[in-house]
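Whatever order the structure lists ligands and atoms in, that order sets their numbers, starting from 1.
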Amino acid sequence: MKKGWRAGLAALAVMATGVVPDGAQADNPIIQTRFTADPAPLVHDGVVYLYTGHDEDDAEGFWMLDWRLYSSTDMVNWTDRGSPASLKTFPWARQDNDAWAPQVIARDGKFYLYAPISVAGDPKTAIAVAVADRPEGPFRDVLGKPLIAARRGAIDPTVAIDDDGQAYLYWGNPDLWYVRLNRDMTSYAGEITKVAKPIDYQEGPWFYKRGPHYYMAYASSCCPEGIGYAMSDRATGPWVHKGPIMDPNAASTGNHPGIIDYKGHSYLFGFHYELNFALTPIHHERRSVTLREFRYNPDGTIPRLPWWTDEGVAQIATLDPYRWVEAETIAWTSRIGRDRDRPYRWAPGVTTTSGADGRVHVTRIADRSYIKIGGVDFGRGAASFAASVARVRGRPTITLHLDRVDGPQIGTLALTGGDGPDWGTQTTAVTGANGVHDLFLVFHGDGGGLFDFDRWQFRRQ
Ligand code: FUB
């Protein structure tokens, strides 16, 4: 990243364009603190809310109990927003598995989550709906029963609202069905309709409209699954296959697209299994959400994209360190390390969790673990760093580095205080932080569980 006068020029360029010059990249997978799957991004009020499925750490086959939420305004730093819904949201559903691929849509000031679940005692899946007042939930069951009753192939709901206000819910494996939702978004009118599925369609439909075109992206071919798509000039099809977006990869089995436009850029989300294979040669359903930027062709078709690479997408806005930043805002964390022989390995790291008050914070911080925050704009210079911490054990420190985990050190915060649960702010002076840099918060101390970390903030010179 930039230094000295270059940093000044870089900062000016950011102010003028809002773009990070030579900026930070999101590394794939974009979430390292948990296994995540089935990405369902929602752009709302200038923020990308990324709803995901959640593979349990020791899952072998599918073992999914809740849904997770992350948010970003720059596509590189993702803030863990906790679990907006879980199987407990639907007490009538089977409680020990099957929180599969969700999608959330906003309408009339409310947020509607559609998700596949299983009904106790029925081998077929169903689709549930829940409502919330805010994107981060909590979502509430509205019907006390499924929206789409248990039936063959009722998984992977995808929802969009047409220009005339009509909402459509599509879903299905191995076939593709839809219904017209009523304005309340929690009931439907008319028949459940099966459409002629596009070539190679498997599951995981992602339905949306862009300009005059309707799109149906989906997990294609099997197995492994790639990503394919079809287009139509009507919300109900017919769907014309347009080709693969991404070819399958032998290192993967599943896939699941989520596509958005955000701040003038177009993005494809999916998932891969690299973190699983970093730990074991055995295939488990332990997946990790991935991200790639692309440009539509002038005729609205989508180019064929290569498999997910380590380098995901460029950062599109800098992060302001002079407001409180949630500690669980992470571009990369050392829970997953890299070395020469293997792309990934488990490393000392950090974990995110929700406290009794529902607030997410960073916990189980290990010695020599770190959090990377991409593209932080220090402007003309920072004078001090403050961290809100609790449960401080021993005398841990946070060292602050620019650009690399062992890059220039701009300050050290030596934490004091006891291991009580109340959050307290501790501060240290910093020097040498100006312009735009990746920031590394590196943690030191004896063992693991050094302290809990809620948020941090710099102050200007
Ligand atoms: O995550 C469980 C299932 O795997 C999803 O519902 C499918 O789309 C596939 O990704």
K.L.:
Under a 4.0 Å N-O cut-off, is there an ion pair linking Arg81 with Glu326?
P.N.:
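Not counted as a salt bridge, because no side-chain N and carboxylate O are separated by less than 4.0 Å.
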K.L.:
Does a salt bridge link Arg34 with Asp55, judged by any charged N lying under 4.0 Å from a carboxylate O?
P.N.:
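Salt bridge: no.
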K.L.:
For ligand 1, list all ligand N or O to protein N or O distances below 3.5 Å, rounded to 0.1 Å.
P.N.:
| unit_1 | atom_1 | unit_2 | atom_2 | d |
| --- | --- | --- | --- | --- |
| ligand 1 | 1 (O) | Asp38 | OD2 | 2.4 |
| ligand 1 | 1 (O) | Arg287 | NH1 | 3.1 |
| ligand 1 | 1 (O) | Arg287 | NH2 | 2.9 |
| ligand 1 | 4 (O) | Arg287 | NH1 | 3.2 |
| ligand 1 | 6 (O) | Asp156 | OD1 | 2.4 |
| ligand 1 | 8 (O) | Asp156 | OD1 | 3.3 |
| ligand 1 | 8 (O) | Asp156 | OD2 | 2.6 |
| ligand 1 | 8 (O) | His256 | ND1 | 2.9 |
| ligand 1 | 10 (O) | Asp38 | OD1 | 2.7 |
| ligand 1 | 10 (O) | Arg287 | NH1 | 3.3 |

K.L.:
One thing to verify: whether Arg68 and Asp80 come together as a salt bridge, which I'm taking to mean a side-chain N less than 4.0 angstrom from a carboxylate O.
P.N.:
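The answer is yes: the pair qualifies as a salt bridge.
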K.L.:
Quick one: side-chain contact (heavy atoms from CB on, under 4.5 Å) partners of Lys209, sequence neighbours excluded?
P.N.:
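So Lys209 forms a side-chain contact (heavy atoms from CB on, under 4.5 Å) with Asp162, Asp163, Tyr214.
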K.L.:
Compute whether any side-chain donor of one residue and acceptor of the other, for Ser252 and Arg287, lie under 3.5 angstrom apart.
P.N.:
no
K.L.:
I need the Arg286 CZ to Glu60 CD distance, nearest 0.5 Å.
P.N.:
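The CD atom of Glu60 is 7.0 Å from CZ of Arg286, to the nearest 0.5 Å.
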